[in-house]
Amino acid sequence: MSSLNEWINPEYLASEKIAELQNSFLKAEPFPFLSLREFLKDEKAQNLRVALLKEEFIQKDSDLFSFFQTADLSSSKNKLIKEFHEFLGSKEFANFISSITSEKLNAKALDVSASLYTSGDYLLCHDDLIEDRKIAYIFYLCENFEDEDGGRLCFFSEKGGQPHEVQKALSPKWNSLTFFKVSNKSFHSVEENFSQKERLAIGGWLH
Amino acid sequence: MDKRINSEYQDEKTIAKIKTSFSLAKPRSILLNDFLEEKFYNKILKELNNTEAKKKYSPASHSYSELEAPKELRELINSDYFLSLMQKITDKKISSVNVSCQKFQHQDYTLINEKNENKERTEFFFIFTNAEWQDQQGGYTAYSQGDGEPLIFPVIKNSLAIIQTENKTYDFVKYIKHFAGNSTIIKVKGEIN
């Protein structure tokens, strides 16, 4: 069984579905992105959440952000997290994302860590453009976030090379994967978490 | 005696102690609490709260409102006594002061911009607020040289911060979280030339 069949909701693996997803990704505004709901098989997502919450989260704080983050998950000792890391670094996963984004990706060249936004945590506007990052991804493992709870991933329109205003705001939804093309236009932020809920996610970049 | 300034800060012995603390700090800096006389502070705060402020928002740089500092506060800043006090503390000859005034509330911030040329500079700022602030609410002013812990000036009402930055020191105002409610911070800043 390929790693895609093992992990991903089979709905996303049909070839006609891939063409539809590619179209949605490339046409998205203000820059190419896509959100896939119920992305993993639910049992995998549930178990991953339980495993992640046992990892050590360190507080990160600067002018730009305030949240908690694990070390790169490649160093995790947990069996399931290791397997998930291997899956994200597999050729099959890189090919799956490449087929949607038309970006040539180097399997194994990836950054993966988990983040936890508690009440009041946030990440202000930036573009993620460092070195050879091609695709940024966020896989949500938090439940019951509504728009008024905050914690939304916000995409900014661009004017004169600078971010202008929020054009799209996506609430974090359980077991959904959002990814976008990294460029000098990919201005985004994570809105402050106004709620008492914990916004747990795995995220990073594909190169 | 200047009736607008706390008499404690008009005592030569106190000023000498402040000067020593300032020069020993790294970077050279000091935070003076209850700097203004209470009546004068409250008068200026009231005036600031009644002054119209204009929103300034550039997502990758800042979010705050800009307003004009009250005439009486600008007069104090440009008074012989205040300028000579700044001169004594910082050991810097002052030819002029550029005054600006910013209002911060929930969701406001400023970010470090490394593209800005940041040479050594001497500056001060007054804090006007109705509320008691905790660092976890945000709103504090930090000076960072990249690595290491930044120098943080907490939000304390009626305080005056004075700092002489070294080369490549960047300052920012920490994003204000929802824990702050409707509280505001008004920062009146002076850049010494």
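Chain letters run A, B, ... following the sequence lines, proteins first and then strands; every chain starts at 1.
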Flag the pair [X] / [Y] as yes when at least one side-chain heavy-atom distance between them is below 4.5 Å, and no otherwise.
| X | Y | result |
| --- | --- | --- |
| B:Ile163 | B:Leu151 | yes |
| B:Phe126 | B:Tyr41 | no |
| B:Arg4 | B:Glu37 | no |

Inset, instruction - List in chain and number order the residues that pass salt bridge (charged side-chain N to carboxylate O under 4.0 Å, His left out) with B:Arg28, two or more places apart in sequence or in another chain; answer none if no residue qualifies. - result: none
Legend entry - Ionic contact status for B:Asp11 with B:Lys13, cut-off 4.0 Å: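 B:Asp11 and B:Lys13: not salt-bridged.
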Legend entry - Salt-bridge contact B:Glu47-B:Lys71 (side-chain N to carboxylate O under 4.0 Å): no
If the cut-off is 3.5 angstrom, what donor-acceptor pairs do you find between chain B and chain A?
from	atom 1	to	atom 2	distance (Å)
B:His106	NE2	A:Glu192	OE1	2.8
B:Ile112	N	A:Asp63	OD2	2.8
B:Lys174	NZ	A:Asp61	OD1	3.3
B:Lys174	NZ	A:Asp61	OD2	3.4
B:Lys174	NZ	A:Ser62	O	2.5
B:Lys174	NZ	A:Phe65	O	3.2
B:Lys174	NZ	A:Tyr122	OH	3.0
B:Tyr175	OH	A:Glu192	OE1	2.7
B:Lys177	NZ	A:Ser66	OG	3.1
B:His178	N	A:Glu192	OE2	2.6
B:His178	ND1	A:Glu192	OE2	2.7
B:His178	NE2	A:Ser119	OG	3.2

Inset, instruction - Could you look at A:Phe194 and say if it's the side chain, the backbone, both or neither that has a heavy atom under 4.5 Å from chain B? - result: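 It is both, since atoms from each part get that close.
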Legend entry - Which portion of A:Leu124 sits near chain B, non-hydrogen atoms under 4.5 angstrom: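 Looking at A:Leu124, just its side chain touches chain B.
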Legend entry - Sidechain-backbone polar pair: B:Lys19 side chain, B:Lys88 backbone, donor-acceptor under 3.5 Å: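 Such a contact is found between B:Lys19 side chain and B:Lys88 backbone.
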Inset, instruction - Please state whether the side chain, the backbone, both or neither of B:Ala60 comes within less than 4.5 Å of a heavy atom of chain A. - result: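 Both parts, heavy atoms under 4.5 Å.
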